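Comments concern the structure below.
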Amino acid sequence: MDRSASLPSSPSLPTPGSAEPAQPAESSALSRAERFVWLTARVLEQRRFAYHFLAGGAEAVETALAAYLGTDGGYGHALEPDLRGPVSQPLHAVHALRVLDGIGRCGGQRVERLCRYLTSVSTPDGALPACHPSLRGYPAAPWVPSADDPRSDLLTTGPVVGLLHRNEVWHAWLFRATDFCWAAVAALGEGGATRRPYEVAAAVAFLDGAPDRARAEAAAERLGRRVREEPLIVPPAAPERTEDRPLSPGQGPGEPFQVHDIARTPGSLARRWFTDAEVERSLDVLVAAQQEDGGWPPHRRPWTPGATLEWRSVATVEALLTLRAYGRRI
């Protein structure tokens, strides 16, 4: 592949004994992000970046993701950087399905095996916990829940169910898990549950993939009213303000949820909750968040250097995908 045609400008290579390579005077957000990815990212994020922005192949992404695959059909090995250690976890499954969905490979025997793993770790009501007890004994972020008998959680179940439905995957596990998601989303919309920004994002991920589109649109409308009535994200009219929205576990004061964190693509049901001007202001904040080294900051409180750096690479790829989805020049 001719990389010279992929980006308008690329950082020059350093000469032996030289200092850091000089950056082009007017390098694009994409070229600066590329340099950050090659300098710091995991192989998986490098392959994802190459696929989405440099015409790389899907097979390379699949091969990189397979390194995190466990013998039980789940994913581990810190695929979700806040959960270290080799054991499979539901949050890793969320991450894996997002990667596979992004390259159009969310199906086949791999996903069939993953559904069997999901069945094996489900709670009595057929949904997924945020964290399975098998993680005990391995390092994890201090806010990761740990319990011998964990409860069902929309945080993991919503995105998994939504992505599987979006890709027309049918498995017996989905029936009860889907029912759980409908009930959990209804509770959020009615104000009867703890409403965290991460839960709203998980609800949107479910609704965007749910096969009953009429029901999903009605549920999204109710949830959107709650989001607008309560300070669950940075006020859309003032995206630079952060003091009016609550913090989720693991979130730091400098890591606000913006409109684009909830409505990640123009086709999302959550996009309807916000005006064009609100979306554009939020995207302006995202553009400005790119840091000097070319990467974006994650929505995570720092707790160990390795996880923080890995999350930055994930956040950088996701930021670029969001900006491109909304037609922003990168």
Side-chain angles (χ1 to χ4, degrees), residues 75 80 89-102 106-107 111 114-115 117-119 121-123 125-131 145 150-228 230 232-233 248 257 259-274 299 318 321-322 325:
Y75 289 84
E80 208 274 10
Q89 286 289 314
L91 281 172
H92 295 317
V94 174
H95 201 117
L97 287 172
R98 284 174 175 159
V99 171
L100 292 169
D101 178 67
C106 192
V111 173
L114 179 60
C115 286
Y117 161 75
L118 298 175
T119 302
V121 298
S122 291
T123 58
D125 55 5
L128 296 172
C131 183
R151 66 178 181 86
S152 300
D153 203 315
L154 183 64
L155 189 70
T156 45
T157 313
V160 167
V161 172
L163 286 166
L164 291 176
H165 280 310
R166 168 185 164 89
N167 288 275
E168 299 183 345
V169 173
W170 293 102
H171 189 275
W173 175 78
L174 276 168
F175 290 99
R176 295 181 66 203
T178 301
D179 289 341
F180 167 82
C181 289
W182 283 124
V185 170
L188 286 178
E190 296 165 1
T194 301
R195 292 175 298 280
R196 300 172 294 171
Y198 285 118
E199 287 177 321
V200 174
V204 170
F206 165 69
L207 294 173
D208 281 345
D212 188 339
R213 301 313 298 157
R215 186 177 181 183
E217 290 182 8
E221 183 179 359
R222 290 191 295 271
L223 181 58
R225 286 198 296 267
R226 301 298 300 186
V227 169
R228 298 303 305 233
E230 302 182 13
L232 299 180
I233 61 174
S248 295
F257 257 67
V259 169
H260 63 262
D261 294 311
I262 302 298
R264 299 176 68 178
T265 67
S268 172
L269 290 174
R271 170 61 182 85
R272 305 178 187 181
W273 303 346
F274 310 105
H299 283 299
E318 295 298 334
L321 289 173
T322 296

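What you see below is based on every heavy atom in this structure, not just the backbone, and it leaves out hydrogens, waters and symmetry mates. Worth saying up front: this structure is predicted, and the values here are computed from it rather than measured.
With rounding to the nearest 0.5 Å, the separation of CG in Asp208 from CZ in Phe206 is 10.5 Å. Atom CZ in Arg215 sits 5.0 Å away from atom CH2 in Trp182 (nearest 0.5 Å). Note that CG of Leu223 is 10.0 Å distant from CG of Leu269, once rounded to the nearest 0.5 Å. One finds the SG atom of Cys131 at 7.5 Å from the CG atom of Leu91 (value rounded to the nearest 0.5 Å). Atom CD of Glu318 sits about 11.0 Å away from atom NE2 of His299, to the nearest 0.5 Å. Rounding to the nearest 0.5 Å gives a distance of 13.0 Å between OG1 of Thr265 and NE2 of His260.
Of all heavy-atom pairs spanning Val121 and Pro129, the tightest one is O-CD, 3.4 Å. Across all their heavy atoms, Ala93 and Leu118 have their closest contact at CB-CD2, 4.1 Å. Across all non-hydrogen atoms, the minimal contact from His95 to Glu80 is ND1-CA, 4.1 Å. Shown here for Ala325 and Pro266, the closest heavy-atom pair between the two residues is O-CG, 3.3 Å. A pairwise comparison of heavy atoms in Leu188 and Leu154 identifies CD1-CD2, 3.5 Å as the closest pair. Heavy-atom minimum distance, Leu207 versus Ala219: CD2-CB, 3.9 Å.
A side-chain donor-acceptor contact under 3.5 Å links Asn167 to the backbone of Leu163. Between the side chain of Arg213 and the backbone N or O of Ala210, at least one donor-acceptor pair lies under 3.5 Å. Within the 3.5 Å criterion, the main-chain N or O of Gln89 finds a donor-acceptor partner in the side chain of Tyr117.
Between Leu164 and His171 the shortest side-chain heavy-atom distance does not fall below 4.5 Å. Contact of the Val227 side chain with the Ile262 side chain is not registered, since no non-hydrogen atoms from C-beta on lie closer than 4.5 Å. With contacts defined as side-chain heavy-atom distances shorter than 4.5 Å, the pair Trp173/Leu128 qualifies. A heavy-atom distance below 4.5 Å is found between the side chains of Val204 and Trp273.
For Arg225 and Glu221, the salt-bridge test passes: some basic side-chain N is under 4.0 Å from an acidic carboxylate O.
Every side-chain hydrogen bond (donor to acceptor under 3.5 Å, both in side chains) that His165 has, sequence neighbours left out, goes to Thr178. Under the side-chain contact (heavy atoms from CB on, under 4.5 Å) criterion, Ala127 pairs with Thr123, Asp125, Ser152, Thr157, Phe180, not counting sequence neighbours.
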